Amino acid sequence: MTSKDYYFDSYAHFGIHEEAAKASGDSKPAPNEMTSKDYYFDSYAHFGIHEEMLKDEVRTNTYRNSIYHNKHLFKDKIVMDVGSRTGILSMFAAKSGATRVLTIELSNMAVQSRQIIKDNNLDSFVEVIQCKIEDIKELPFGVEKVDIIISEWMGYCLFYESMLNTVLYARDKWLASEGALFPDRWDNVRKMAITEPLVDVVDNNQVVAGNYCVNELKGVFTCASNARNERDLDYNIKVSFHGEVCDLEKESTYTLL
């Protein structure tokens with residue numbers, strides 16, 4: 001099966017189990033009490049974002065190939081998938097010979113992933129744990145350390161999900177001394193991120209303004225951890241724009257309160 005096969009097989013079950021997903025999780029805080037962290041995890045309980053990610057064939061196929069082409073590393077190993085979502089990486093690992101895959105997912109997508117994994121006859125190898133990795137005190141089945149940690153921790157602009165701290169926590173606490181991370185260095189991320197850009201085309205009839213040539217556009221994009229919640233990022237954008245019609249020098253800062 002390819003990543004497309006897993007996707008279409010899993011997506012057939014999303015609607016069936018939506019009510020179960022809503023009923024299984026912890027009670028949500030009131031809207032006026034929700035923080036950006038609550039909105040972040042809640043967003044991953046919805047199906048649309050997972051459809052969008054799974055349809056990113058460059059990313060999904062890159063992970064699949066990195067696992068399938070290294071089956072000798074996964075054979076008879078214990079694997080942890082941090083932020084597993086639909087469980088696609090966990091299934092790749094199980095199909096590559098892992099004896100046990102511990103799948104960590106906080107959102108209610110964990111309910112769907114259990115069914116997806118079962119429908120692919122991999123539930124005897126993959127155990128879904130609905131919990132924050134930081135809250136896990138001990139691993140099931142008497143596991144003390146894992147041999148491999150896999151995680152798709154990148155988001156839009158490589159920053160949106162801000163999961164790297166969580167992956168590093170899992171590495172320091174649960175990865176064996178001779179264990180492996182997938183991906184394990186920035187070059188892996190950079191190459192995958194720039195392989196194929198996402199390009200949207202807007203029909204000319206839907207554009208209100210006219211067509212103008214942009215002569216020069218320069219900008220600096222920086223970010224830093226939010227003071228209240230390190231999982232959030234504050235952004236600073238400086239833009240220098242020189243076109244045929246106007247010039248613009250602007251700096252904007254976006255801070256989550």
Side-chain angles (χ1 to χ4, degrees), residues 10 13-14 17-30 33-47 49-50 53-54 63 77-94 98-120 122-155 160-176 179-183 225 228-232:
S10 64
H13 303 281
F14 284 167
H17 304 283
E18 184 173 7
E19 291 184 3
K22 292 178 180 178
S24 64
D26 295 332
S27 58
K28 290 170 56 177
E33 296 177 351
M34 290 180 72
T35 66
S36 55
K37 181 164 63 174
D38 298 316
Y39 282 110
Y40 167 78
F41 286 116
D42 182 65
S43 70
Y44 281 86
H46 301 284
F47 309 136
I49 191 170
H50 299 285
M53 289 187 288
L54 287 168
Y63 273 95
K77 294 297 192 297
I78 298 175
V79 178
M80 174 181 285
D81 183 357
V82 179
S84 57
R85 305 182 180 92
T86 57
I88 186 71
L89 300 188
S90 296
M91 291 187 285
F92 289 158
T99 56
R100 178 69 63 184
V101 183
L102 304 177
T103 300
I104 316 299
E105 174 59 41
L106 176 61
S107 79
N108 281 329
M109 187 52 64
V111 178
Q112 275 71 29
S113 66
R114 286 193 185 99
Q115 187 63 46
I116 294 166
I117 290 163
K118 181 178 180 180
D119 290 345
N120 283 277
L122 295 171
D123 50 315
S124 59
F125 302 97
V126 182
E127 178 72 14
V128 179
I129 304 170
Q130 188 173 6
C131 183
K132 283 179 63 177
I133 187 70
E134 293 87 350
D135 293 339
I136 297 177
K137 304 304 180 185
E138 61 180 36
L139 299 175
F141 310 107
V143 173
E144 295 184 358
K145 295 288 183 179
V146 300
D147 302 299
I148 298 174
I149 290 178
I150 55 178
S151 180
E152 202 295 89
W153 51 265
M154 294 156 287
Y160 171 75
E161 297 176 38
S162 192
M163 271 191 59
L164 184 57
N165 287 341
T166 297
V167 174
L168 295 179
Y169 175 91
R171 178 199 65 183
D172 295 342
K173 186 171 181 64
W174 300 114
L175 186 63
L181 278 173
F182 278 72
S225 295
R228 281 190 57 198
N229 181 2
E230 65 177 10
R231 295 186 70 95
D232 290 328

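Note that the structure is predicted; figures quoted are calculated from it, not measured. Positions are given from 1 along the sequence.
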Report task. Go through the steps for Val146 and Leu175 under the test side chain to side chain contact (heavy atoms under 4.5 Å, CB included), then give the verdict. Result -> CA-CA 5 Å; Val146 300; Leu175 186 63; 4.2 Å; yes

Report task. Quick one: do Trp174 and Ile136 satisfy side chain to side chain contact (heavy atoms under 4.5 Å, CB included)? Show the steps, please. Result -> CA-CA 10 Å; Trp174 300 114; Ile136 297 177; 4.0 Å; yes

Query - Worked verdict on Leu102 versus Phe141 for side chain to side chain contact (heavy atoms under 4.5 Å, CB included) - result: CA-CA 10 Å; Leu102 304 177; Phe141 310 107; 4.2 Å; yes

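Of the possible donor and acceptor atoms, none in the side chain of Tyr63 sits under 3.5 Å from a partner among the backbone N and O of Pro183. Side chain of Lys173 to main chain of Lys145: no donor-acceptor pair is present (N/O by atom type, distance under 3.5 Å, no hydrogens or angles). Glu105 places no side-chain N or O within donor-acceptor distance of the main-chain N or O of Ile129, the cut-off being under 3.5 Å.
A donor-acceptor contact closer than 3.5 angstrom is absent between the side chains of Thr103 and Ser84. Side-chain contact, Thr166 with Glu134: a donor N or O sits under 3.5 Å from an acceptor N or O.
Closest non-hydrogen pair, Ser113 versus Arg85, comes out as CB-O, 3.4 Å. When all heavy atoms are compared, the tightest approach of Ser90 to Ile150 is N-CD1, 4.2 Å. In terms of heavy atoms, Ser151 sits closest to Val167 at OG-CG2, 3.4 Å. Looking at every heavy atom in both residues, Met91 comes nearest to Ile117 through CG-CG1, 4.0 Å.
Once rounded to the nearest 0.5 Å, the distance linking CD1 of Ile104 with NZ of Lys132 reads 13.5 Å. For the atom pair CG of Asn120 and CZ of Phe125, the computed distance is 12.5 Å after rounding to the nearest 0.5 Å. With rounding to the nearest 0.5 angstrom, the CD1 atom of Ile133 is 13.5 Å from the CG atom of Asn165. Taking CG of Leu139 as the reference point, atom CE of Met80 lies at 4.5 Å (rounded to 0.5 Å). One distance of note links CZ of Phe182 with CD1 of Ile149; it measures 12.0 Å at 0.5 Å rounding.
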